[in-house]
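For reference, the structure is listed below as structure tokens.
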Amino acid sequence: FGLAFSLASRISGEGVIAGTVYYLSPEQAQGKAVDGRSDLYALGVMLYEWLTGELPFTADDPLAVITQHLYAPAMPPCAKNPAVPPALDSLILSLLSKAPDDRPAKATDVLESLSSPALWTGGTEAVDVPMLERIRRGRMVGRDAELRQVRGLWARAQAGGSQLLVIRGEAGV
């Protein structure tokens with residue numbers, strides 16, 4: 001996605017992969033053989049983005065995005081949008097599987113699933129959000145006093161006062 005080219009020209013003469021990193025399948029990133037399941041991976045990214053308003057993998061550096069495509073599990077879409085039905089959530093996560101063999105085999109299989117009324121119904125279930133995602137979302141646990149202090153300093157800075165805040169400590173604490 002982002003560029004149109006034939007299967008024979010996915011890698012340029014300089015060995016650079018052509019395409020948009022946000023929709024790049026893991027096998028493309030690794031220079032492995034690709035087939036229609038690579039496009040199904042990109043479809044999974046698009047469905048994820050449409051339903052949550054966010055890409056499943058983002059970073060400031062394209063290499064970091066590619067690394068996430070290779071190794072990071074996607075946060076279930078229903079964790080970001082509770083209105084996503086469980087069956088649709090499962091379909092999207094299967095499209096975002098790292099291994100092509102774990103994705104639907106053909107686009108017609110995905111179309112059949114998307115056409116099924118059962119995919120769009122069903123109650124929402126509570127989703128356990130992993131700790132790293134909670135940190136990314138900005139949830140702090142056990143730091144109420146520090147958080148109040150930071151918010152107070154931020155409010156003073158927004159009001160035009162100069163502020164300096166230094167945070168230090170062990171990584172991950």
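All residue numbers in this chain count up from 1 along the given sequence.
Here the CD1 atom belonging to I66 is positioned 10.5 Å from the CD atom belonging to Q30, to the nearest 0.5 angstrom. A distance of 11.5 Å separates CE of M46 from CG of L51, quoted to the nearest 0.5 Å. Summarising the geometry, atom CD belonging to E54 is positioned 10.0 Å from atom CG belonging to N81; distances are rounded to the nearest 0.5 Å. Interatomic distance, CG of L153 versus CG of L164, reported as 9.0 Å (0.5 Å rounding).
Side-chain contact check for L96 versus P56: some heavy-atom pair is nearer than 4.5 Å. Between V65 and L55 there is no side-chain heavy-atom pair separated by less than 4.5 Å. L93 is listed as a side-chain neighbour of P76, based on a closest heavy-atom distance under 4.5 Å. The side-chain heavy atoms of V45 and F57, taken from C-beta on, include no pair separated by under 4.5 Å.
Between the side chains of Y41 and H69, at least one donor N or O sits under 3.5 Å from an acceptor N or O. When only modelled atom types and interatomic distance are considered, Q68 and Y22 share no side-chain donor-acceptor pair under 3.5 Å.
Exactly one residue among E27, Q28, K32 makes a side-chain hydrogen bond (donor to acceptor under 3.5 Å, both in side chains) with S38. That residue is E27.
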Subject >> Worked verdict on S115 versus E112 for side chain to side chain donor-acceptor pair (under 3.5 Å) >> reply: CA-CA 5 Å; S115 301; E112 185 177 312; over 6 Å; no
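Heavy-atom minimum distance, I92 versus P77: CG2-CG, 3.8 Å. Annotation for A107 and L40: closest pair CA-CD2, 3.8 Å, computed over non-hydrogen atoms.
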